[in-house]
Amino acid sequence: MSVKPQTPVVNANEVSRISTGSVIKGEISSPNDIRIDGTFEGRIFCSGRVVAGEKAEIKGDIVCENVDFWGKLEGSLYVKDTLALKDTCSVNGDLHIKRLVVELGAHFNGTCKMLSEGEFEKVAGAVTGQKPAQQPKPVVQPKPAAASQTSAPAVS
């Protein structure tokens with residue numbers, strides 16, 4: 001009996017979406033996946049996957065786990081795992097990634113830096129303004145001073 005690997009199930013209600021025709025400026029922070037088909041200007045922080053459709057236009061930085069990109073981007077991508085540049089995409093900016101997949105027809109102008117997971121934490125922390133996760137230092141309690149057994153000489 002063989003066991004088939006299971007693909008993760010994504011609940012449609014847990015995917016944030018910017019629809020075609022929508023224009024949003026600002027900063028997005030999401031623990032869930034994000035799908036963009038409209039226009040976004042700002043920064044995106046996502047703990048999941050970002051999918052930018054063919055009509056997506058993004059100006060700004062994206063920091064996330066994975067990206068599938070069909071649209072247009074002017075900005076930098078910071079991807080902890082895999083970036084897939086699809087055949088219709090146009091990216092002008094820098095890539096900071098672990099893995100890269102580029103389809104025939106994709107356009108990319110910028111620099112590409114392959115990162116280890118530790119390097120990603122440092123780079124992403126610089127973008128988000130957070131320090132990378134560090135182990136807490138143990139708290140050392142001072143030992144109480146021993147009580148003095150001798151008494152001071154009496155003064156006459």
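Ionic pairing of Lys80 and Glu121 is present here: one or more N-O contacts between side-chain nitrogen and carboxylate oxygen are shorter than 4.0 angstrom. Under the 4.0 Å criterion applied to side-chain N and carboxylate O atoms, Lys59 and Glu41 are not assigned as salt-bridge partners. Ion pairing between a basic and an acidic side chain is recognised when a charged N comes within 4.0 Å of a carboxylate O; Asp37 and Arg35 show such pairing.
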side-chain contact (heavy atoms from CB on, under 4.5 Å) between Arg43 and Ile28, worked out: CA-CA 6 Å; Arg43 296 194 327 185; Ile28 296 174; over 6 Å; no

Walk me through it: do Leu104 and Asp87 pass the test side-chain contact (heavy atoms from CB on, under 4.5 Å)? CA-CA 6 Å; Leu104 189 62; Asp87 61 344; over 6 Å; no

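Taking CG of Leu83 as the start and CD1 of Ile97 as the end, the distance is 5.5 Å to the nearest 0.5 Å. Once rounded to the nearest 0.5 Å, the distance linking CG of Leu115 with CZ of Phe120 reads 8.0 Å. Atom CG in Asp61 sits 8.0 Å away from atom CG in Leu77 (nearest 0.5 Å). Distance check: Ile34 CD1 to Ser47 OG gives 9.0 Å after rounding to the nearest 0.5 Å. Separating the NE2 atom in His107 from the CG atom in Leu85 is a distance of 11.5 Å, to the nearest 0.5 Å. The OG atom of Ser116 sits 8.5 Å away from the NZ atom of Lys98 when rounded to the nearest 0.5 Å.
In the hydrophobic clustering of ILVMFWY residues, with side-chain heavy atoms under 4.5 Å counting as a link, Val79 and Ile62 come out together. Both Ile44 and Phe69 are members of a single hydrophobic cluster when ILVMFWY side chains are connected at heavy-atom separations under 4.5 Å. Residues Val51 and Leu100 do not share a hydrophobic cluster, clusters being chains of Ile/Leu/Val/Met/Phe/Trp/Tyr side chains in contact below 4.5 Å. With hydrophobic clusters built from ILVMFWY side chains whose heavy atoms lie under 4.5 angstrom apart, Val50 shares a cluster with Val102. The cluster map of Ile, Leu, Val, Met, Phe, Trp and Tyr, joined by side-chain heavy atoms under 4.5 Å apart, puts Ile18 and Val67 in the same cluster.
Note on residues 73-93: pairs passing ring-ring contact (aromatic ring centres under 6.0 Å, His included), not counting sequence neighbours, are Tyr78-His96.
In terms of heavy atoms, Glu119 sits closest to Met114 at OE1-O, 4.0 Å. Nearest heavy atom pair, residue Asn32 against residue Cys46, reads O-SG, 3.0 Å. Smallest separation of non-hydrogen atoms from Phe45 and Glu27: CE1-CD, 3.5 Å.
Between the side chain of Thr88 and the backbone N or O of Glu54, no donor-acceptor pair lies under 3.5 Å. Remark: the backbone N or O of Gly48 is not paired with any side-chain donor or acceptor of Glu65 at under 3.5 angstrom. In this structure, the side chain of Asp68 does not engage the main chain of Ala84 through any donor-acceptor pair within 3.5 Å.
Evaluation of the salt bridge (Lys or Arg N to Asp or Glu O under 4.0 Å) rule for Asp81 yields Arg99 as partners, not counting sequence neighbours.
At least one side-chain heavy atom of Thr82 sits less than 4.5 Å from a side-chain heavy atom of Val101.
In the displayed structure, Lys72 atom NZ is contacted under 6.0 Å by at most 12 heavy atoms of other residues, nucleotides or ligands.
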